[in-house]
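Take a look at the structure below.
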Amino acid sequence: MAGTLFLVPTPIGNLRDISRRMEETLEQADFIAAEDTRVTVKLLNHLGLKKPMLTYHRHNTDSGGQAVIDRLLAGESCALVTDAGTPAISDPGEELVARCAELDIPVCAIPGPCALVTALAVSGQPTSRFTFEGFLAMNKKNRRAHLDALRGEERTMIFYEAPHKLAATLADLSDAFGPDRPLTLCRELTKLHEEVRRTTLGQAATYYRENDPKGEFVLVVRGAEPVQEQEASLEDGMALVDKLRGGGLSLRDAVRQAAGELGLSRKQLYDLAVR
Ligand code: SAM
């Protein structure tokens, strides 16, 4: 019987966010697949654990992934960890989980630290419907296409960004959605210099054009205002009735069709038409 792949989130800055279940899973797994073993060994030292490790990162998803799969199929259990946060969320893991699903290998996700959820929760932006957009592409054409696809998006949008690209990304977001669009900039979450700045895209773009960003950032951007559909009036209804009658419909049929198309009361429209 195949072993289980455990997805184990790690702190995004504060070691006290280590959960008991995360610690137990790392302790009980037969081996750990780590994005960077040098980072993970520090965590293991902090927990007083020693475990066999192999590397699984974005540049070895084929060979590293196969090594993990082979051991899972042989019955071993694996804890997958990345440098910080939840595996498979803008981090290695997606392909490995998909491969396990194909091969009927059990996967168990341990809940825990994740920058996007932490940022959304503290943002003050609507949380009932949101979309996670990850990192914008570096390639200009892909970046433009991504932003174009988000024009008119009404859900709260969440982006990750590296500090050295933040100013350019804020400028592009401000161009795409307008400088007045509300933005919550979440910096260094869970760390000593945690900062949550509620501002606008234009103000943030101007600020970071002049000031070097330091630390890690999540951008939580308010969705577009919903487009209000204009309700049709009885006058609109009468105009349509006249047009339909001009096309040869009887008064009764014209009223029925106009009321249906414009969402008006058939009786009110008919009363007006016969007056
Ligand atoms: N898998 C991780 C997670 O669950 O959040 C995300 C990894 S992704 C490679 C790294 C990005 O997450 C950073 O560039 C930043 O946008 C965001 N991030 C991670 N830790 C953060 C923190 N403490 N404060 C703000 N943003 C953070």
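Note that ligands are numbered from 1 as they come in the structure, with each ligand's atoms numbered from 1 the same way. The figures that follow rest on heavy atoms only: side chains count, while hydrogens, waters and symmetry mates do not.
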* Could Arg197 and Tyr207 be counted as a cation-pi pair, given that NZ or CZ must be under 6.0 Å from the ring centre and within 45° of the axis? -> yes

* Side-chain donor/acceptor of Asn60 to backbone N/O of Thr55, under 3.5 Å -> yes

Pick out the protein N or O atoms lying less than 3.5 Å from any N or O of ligand 1, and list each pair with its distance.
| residue | atom | partner | partner atom | Å |
| --- | --- | --- | --- | --- |
| ligand 1 | 1 (N) | Thr86 | O | 3.0 |
| ligand 1 | 1 (N) | Ile89 | O | 2.7 |
| ligand 1 | 1 (N) | Asp91 | OD2 | 2.8 |
| ligand 1 | 4 (O) | Thr86 | N | 2.8 |
| ligand 1 | 5 (O) | Ala115 | N | 2.8 |
| ligand 1 | 5 (O) | Tyr160 | OH | 2.7 |
| ligand 1 | 16 (O) | Glu161 | N | 3.2 |
| ligand 1 | 16 (O) | Phe217 | O | 2.6 |
| ligand 1 | 20 (N) | Glu216 | OE1 | 3.3 |
| ligand 1 | 23 (N) | Ile12 | O | 2.9 |
| ligand 1 | 23 (N) | Leu189 | N | 3.4 |
| ligand 1 | 23 (N) | Leu189 | O | 2.9 |
| ligand 1 | 24 (N) | Leu189 | N | 2.9 |

* **side-chain hydrogen bond (donor to acceptor under 3.5 Å, both in side chains) contacts in which one or both residues fall within residues 108-135, not counting sequence neighbours** => Gln125-Thr184, Gln125-Arg222, Thr131-Glu133, Glu133-His146

* To do: Report yes or no: does Arg151 contribute a side-chain atom to a donor-acceptor pair with the main-chain N or O of Ala176 at less than 3.5 Å?
  => yes

* Residue pairs fulfilling salt bridge (Lys or Arg N to Asp or Glu O under 4.0 Å) with at least one residue in residues 65-76, sequence neighbours excluded -> Arg71-Glu76

* Structure fact -> Those residues at least two apart in sequence (or on a different chain) that pass side-chain hydrogen bond (donor to acceptor under 3.5 Å, both in side chains) with Arg16 are none

